[in-house]
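Everything below concerns the one structure shown next.
Numbers for residues simply follow the sequence, beginning at 1. Every number for a ligand or one of its atoms is a count from 1 in the order of the listing.
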Amino acid sequence: MPGVDDAAPSLLDRLPESVGILGAGRAGTALARAIARIPRLHPGTPAPRVVMAATRTPAAVRRHLLIHAPGAEAVTVEQVAADTRLTVVAVPREELDEVDPALLAGPRTLAVVDMTNTWGDEPVPDWLAAGSGGPGTALIARRWAAAGLGAPVVRAFSEISHHELDVVGRTEEPRRALGVGADAPGPGRDAVAALVAALGLEPVEYAPLARAAALEPGGPVFGRETTADELARALS
Ligand SMILES: NC(=O)c1ccc[n+]([C@@H]2O[C@H](COP(=O)([O-])OP(=O)(O)OC[C@H]3O[C@@H](n4cnc5c(N)ncnc54)[C@H](OP(=O)(O)O)[C@@H]3O)[C@@H](O)[C@H]2O)c1
């Protein structure tokens with residue numbers, strides 16, 4: 001498997017110039033902070049613009065971001081995907097019925113990234129409850145597609161904690177591997193892989209989303225630092 005050093009120029013070329021993040025809690029702000037560090041890892045590469053929305057007003061999110069993700073812009077839920085290349089969903093799964101799939105993709109959106117997990121005995125919506133037929137992201141993707149979402153759903157960043165996201169990125173090998181899954185390869189999954197690589201992690205692309213069970217809490221690689229080969233084996 002090629003290291004990111006070999007692939008870095010082409011992957012960095014595909015780095016999306018903007019990311020909208022729905023959810024400004026622990027996961028969303030850790031991702032925003034990691035994105036803000038890209039120019040330090042790759043001098044000369046600008047960080048993608050990051051806009052973020054939560055349930056609270058943009059003014060309240062703005063105050064929160066000043067502390068937790070300086071540099072990210074606060075917007076409304078309606079604006080989070082209006083002009084961005086990726087939309088990352090970083091809200092608790094128990095809130096997913098409050099998320100309007102029509103607002104997750106705008107005219108320029110390459111992919112909607114599912115960063116969510118079912119945590120402990122979190123009371124998730126019935127359609128997502130255990131036993132309803134597949135790993136979480138596959139069900140979420142099916143639900144959103146049925147509701148008219150045209151952009152592909154990519155699972156990424158769900159198996160790494162916000163604590164680790166704050167410290168894990170590096171340019172030297174060995175780099176921690178992260179899964180980047182979709183139901184099919186394509187420019188959306190490529191853009192997410194480029195973002196993962198720009199953060200100093202090793203993207204392991206896979207399809208379809210049904211293979212993501214290993215990444216769920218309780219799965220063999222959730223929260224574990226793995227090499228790309230180990231992660232690829234767990235996903236196969
Ligand atoms: N924490 C981690 O280390 C981590 C790592 C990877 C993945 N995850 C996953 O990421 C998801 C979020 O976890 P978290 O720890 O970040 O939770 P959190 O700290 O509780 O933050 C949740 C955020 O979601 C926002 N939110 C809730 N419902 C919303 C809606 N309908 N529209 C817009 N925003 C909404 C909240 O808004 P307000 O701020 O206005 O309340 C808050 O900003 C979970 O599925 C979790 O399993 C977490």
Mind listing the closest non-hydrogen atom pair of [X] and [Y] along with its distance?
| X | Y | result |
| --- | --- | --- |
| I21 | G28 | CD1-O, 3.7 Å |
| S158 | N117 | O-ND2, 2.6 Å |
| G181 | R189 | C-CD, 4.4 Å |
| A151 | A105 | CB-CB, 4.0 Å |

How far is [atom] from its nearest protein heavy atom, and which residue and atom name does that atom have?
| atom | answer |
| --- | --- |
| atom 43 (O) of ligand 1 | A24 N, 2.9 Å |
| atom 12 (C) of ligand 1 | A90 O, 3.4 Å |
| atom 31 (N) of ligand 1 | E98 CB, 3.5 Å |
| atom 25 (C) of ligand 1 | G23 CA, 3.8 Å |
| atom 22 (C) of ligand 1 | P92 CD, 3.6 Å |
| atom 36 (C) of ligand 1 | A54 CB, 4.3 Å |
| atom 45 (O) of ligand 1 | N117 N, 3.2 Å |

Between [X] and [Y]: side-chain donor-acceptor atoms closer than 3.5 Å:
| X | Y | value |
| --- | --- | --- |
| R93 | T116 | yes |
| R155 | T137 | yes |
| R26 | T29 | no |

Ligand 1 atoms in contact with [X] (distance to a heavy atom under 4.0 Å):
| X | answer |
| --- | --- |
| S161 | 3 (O) |
| S158 | 6 (C), 7 (C) |
| M115 | 7 (C), 8 (N), 9 (C), 10 (O) |
| E95 | 27 (C), 28 (N) |
| F157 | 6 (C) |
| L22 | 33 (C) |

Close N or O approach (T116, ligand 1; < 3.5 Å): no

Nitrogen or oxygen atoms of R56 and ligand 1 under 3.5 Å apart: yes

Nearest non-hydrogen atom to [atom] belongs to which of [options]?
| atom | options | result |
| --- | --- | --- |
| atom 20 (O) of ligand 1 | H163, H162, E94, R26 | R26 |
| atom 35 (C) of ligand 1 | V91, L165, V89, V88 | V91 |
| atom 13 (O) of ligand 1 | G120, G28, A27, G25 | A27 |
| atom 5 (C) of ligand 1 | T118, I160, T55 | I160 |

Whether T45 side chain and P39 backbone form a donor-acceptor pair below 3.5 Å: no

Close side-chain approach of D97 and R143, heavy atoms under 4.5 Å: yes

Contact check, side chains of L104 and V99, non-hydrogen atoms, under 4.5 Å: yes

Salt-bridge contact E17-R108 (side-chain N to carboxylate O under 4.0 Å): yes

R62/E73 salt bridge by N-O under 4.0 Å criterion: no

